[in-house]
Amino acid sequence: MTHAEAAARAEFLRTELERHNRLYYVEAKPVISDKEFDVLLRELQDIEVRFPDLLTPDSPTQRVGGAPLEGFTQITHTVRMMSLDNTYSEEELSAFFARLQKGLGRERIDCIIEPKVDGVAMTVRYQNGVLKHAATRGDGQTGDDVTNNLKTIKTLPLRLPKDGPQTFEVRGEVFMPKAGFAKLNEERDEAGEQRFANPRNSTAGTLKLLDPKIVAKRPLDIVFYGLVEASDVQSQSDVHALFDRAGLRKADLIWHADNAEGLLAAIRELDEKRKSLPYETDGAVIKVNSFVDQRELGETSKAPRWAIAYKYQPEQAETKLLAIDIQVGRTGALTPVARLEPVLVSGSTVSNATLHNYEEIERKDIRVGDIVVIEKAGEIIPAVVSVKKEHRKGDEAVVTAPTHCPVCGTAVHRDEEQVVIRCPNPHCPEVVKRRIEHFVSRAAMDISGLGESVIAQLVEIKLVRDVADLYALNELLLARLERVGTKSIDNYLKAIESSKQQDPWRLVFGLGILHVGAGGARKLLEHFGSIDAIASASIEDLTQCPDIGAIVAPSIHAWFRDEHNAALLDRLRTAGLNFAQRTVTAASDKLNGTTWVITGTLSEDRETIADTIRANGGKVSSSVSGKTTYLLAGEDAGSKLDKATKLGVKIVTEAEFRALL
Ligand code: IVH
C-alpha cells in the first residue's frame, strides 16, 4: 500500500466508523455486527501503526487516547456560558410568561420546553467537521479543557457527517445514566470504595479525572440543548434539527407551547414522565423559540431573559434525628448513619438516611435531637440535606468524628483526603463479620445458608477470625452455635466444602482486596491464570492486565505482600481451595455469535449463568442495546425488560435458555 492509498483508505474508514457509531449509539439502528465494526477498526489501527503521520486526533482509535494529564488547560469560551434564573411554582412560571408577553408586545409566544438534565454543563466545538475541544463552564468565561474525557463518550461524534454543518459550538449537559450510576456504586461497594451520593456528583468527579482510561470505564453520556455562533439557524427548533443532522443527541422529550396554560401542561406532563427518562432531571427549561424574539428580550448580567428553569420539588420531609450510628464496613471504613423518627417520603417510609461522612456532619452542623430535612429523589439514597436550626431547644448534642473504633477501640486512621475514617484493626470483630459476609456472598464464594446471624455468632464465639477459619469448621465446633439444628449444620458444612471448587476469581474477589471488584478479579485470572501468578506480579506486571490501573495495581501488590495475608493464603491453599484457573474448554459453540443480557431472579446467580453462556460461546453484557441478541429474563425483571421490548430484542425465559443448550 502506498502512502497515498493508505491516506485515502484511513479517511474512508474513519468516516465509515463514525457513521456506524452514530447508527449504533445515537439512532440505535446498527447495520453491521460488532465483529464487522471491529474488523474495520482493526484495519484502521493497522494503517495508523504503519503510517504514524496519518494518525489524527479525531480518529475513532483515539477515544481512549493519550497518557494521563498533569492538569487541565484552560479554554476561554467564545461566548460566555451563562446560567438560568429559577422558578419554583406555577405562579412564578406564569409571571415569566407575562414578562415575555410584555417584552415582545404580543399574546402568543412560541416556546420550547425541554427537560433540565441534572449533570454538568459542557461546551463542545466542532471545526471543519472535526471535534476540536470540549470544556466545562468554569467561571462562565473560561473552563477546563476536558476533551480527552469527553472523547470516551460513544454518543459524541468525533467527526460530523459531511452533508451537514461543519463548524459550530454546541452546549449540552454531561450526565451519568441512572442505571450506570447504580451499577458504578454497586461496583464501588464491592471494591470497598466510597459510594457517590448522586449521578451529578459522580459525573463531576469523573470529569475531573486526569486519566481518560479510567473515565472510559465510567458510563458518561451527553445531551445537547444549545448552539452558539451559527448562521442559518433561526430558532431553537432549527437547533434541534441541526442536532439531528449532525448526529448529536438531544433531549428525549420536547414540547411546544405558545400560552401560559400550555407551558403548565407541559411541565406537568414532564413531571409524570421524567421518572422513566434514563437521566436524572431536576426541572424543565422553558425557552422562547425564535432567535429574533430572543435577541429582542436580551439578557441580564447573569442569565438570559428569554429562558427560565422551572424546578421540581425534590421529595423532602422533616423528621427528628434520633441518633447517629457508626457503620463499620468490610474495609474498616466508619460511616455515620442517621437514625430517624420514621417518616413518609416519595411513598416509602424512611427511618435511616446517609450522612456520607463526618466532614459533612460538621459542615451542616447536624446535631442529635435536631429536626432535619431529608430528601429522596430518583435513584438517590435518602440523605439528610439540612437542619431546621430554628427548632433547636438547646439540648441537641454535637457529634464529633470518632477517634477510636466504636467496636474494638482501636485508634482510627484517616485517608489522605481526610474524609474516610477507618478502623485499621484487621481483627476488629465488626470488620471480620463484614469480610466473612462478603466472602460467602453469592457474588463471591457463594456459600449458601451462612447468613448474617450465623456469621455474627461464629465471630463472637471466636470460632472464625478470618475466612480461612471457615474451612476448619466441623460438626463438633458448629454444635456450639445457638438455635442451629443438625440439619443446618450439615448444610453449612456441605456448602463450605463445595466452595473449595469455586473458580479462583471468586476467591480473589472474596478476599476483599481494596479496589478489586468482581470484574477486576475475573480479569486478573484471565490474564495471570493463577492466584500465585497474581501474588508474584510486580506493580508494572499488574498494570498490564486489562482494567487494572494505577490505583488498583499498588493495592493488589500491597495486599499480597502483607505477611498476614500471605499466611491466610497458605491456609486456604492447604484447605484445598482452587488457586488456578481451569482452562474451560468450551462446553459447546451453540451460543456462538450471540450477546446476552441477564435480568431478574433466576434459579442460579447471574455469574454462574454468565459462565454457562460464555462456556457455550456466547457473550454477556450488562446493558441492553441494539447489539443484544437475547435478554434472559427471570422473575421481577424491570427496566431491562422494558428496554429490550422497546428495541425488539428477543426475550427468553430460563426454561427456553436451558432448552437452547
Ligand atoms: S439552556 C444560558 N437547556 O441548566 C443558559 N440548560 O441552570 C442556557 N441545563 O447552565 C441553558 N438542561 O447546564 C438549557 N435543556 C436544557 C438544560 C440546561 C440542563 C443546565 C445547563 C445550564 C443550567 C442552568
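Heavy atoms only: backbone and side chains are in, while hydrogens, waters and symmetry mates are out. Note that the coordinates shown come from a computational prediction; the quantities given were computed from them, not determined experimentally. In listed order, ligands and their atoms are each counted from 1.
Neither the backbone nor the side chain of R171 comes within contact range of ligand 1; no heavy atom lies under 4.0 Å. Using a 4.0 Å cut-off between heavy atoms, L84 contacts ligand 1 through both its backbone and its side chain. With a heavy-atom cut-off of 4.0 Å, K116 touches ligand 1 through backbone and side chain alike.
Remark: the T206 side chain and the R218 side chain contain an N/O donor-acceptor pair separated by less than 3.5 Å.
Closest protein heavy atom to atom 12 (N) of ligand 1: V117 N, 3.1 Å. Closest to atom 22 (C) of ligand 1 among all protein heavy atoms lies Y225 OH, 3.9 Å. When only non-hydrogen protein atoms are considered, atom 15 (N) of ligand 1 lies nearest to E114 OE1, 2.8 Å. The closest protein non-hydrogen atom to atom 20 (C) of ligand 1 is E173 OE1, 3.3 Å. Scanning all protein heavy atoms for the shortest distance to atom 10 (O) of ligand 1 gives R137 NH1, 3.0 Å. Closest protein heavy atom to atom 5 (C) of ligand 1: M82 O, 3.7 Å.
When only interatomic distances are considered, the shortest N/O to N/O separation between P115 and ligand 1 falls below 3.5 Å.
The shell of residues lying under 4.0 angstrom from ligand 1, judged by heavy atoms, includes K287. Residue G226 places every heavy atom at 4.0 Å or more from ligand 1.
For the side-chain contact (heavy atoms from CB on, under 4.5 Å) criterion with D145, the lone passing option out of I75, L150, T136 is I75. Looking at V223, V170, D244 one by one, the single match for side-chain contact (heavy atoms from CB on, under 4.5 Å) with K250 turns out to be D244.
The aromatic rings of F168 and Y126 sit tilted, their planes meeting at an angle between 30° and 60°. By the 30° and 60° cut-offs, the orientation of the rings of F243 relative to H240 is tilted.
D370 and K388 are not joined by a salt bridge, as no carboxylate oxygen comes within less than 4.0 angstrom of a charged side-chain nitrogen. Look at E360 and K364 and you find a salt bridge, because one of the NZ, NE, NH1 or NH2 atoms lies within 4.0 Å of a carboxylate O, short of that distance.
Side-chain atoms of E280 do not come within 3.5 Å of backbone N or O of D118 as any donor-acceptor pair. With hydrogens and angles disregarded, a donor-acceptor distance shorter than 3.5 Å links the side chain of H77 to the backbone of R137.
Counting atoms of ligand 1 from 1 in the listed order, those under 4.0 Å from a heavy atom of P304 are 2 (C). Those atoms of ligand 1 with a heavy atom of A121 less than 4.0 angstrom away are 13 (O).
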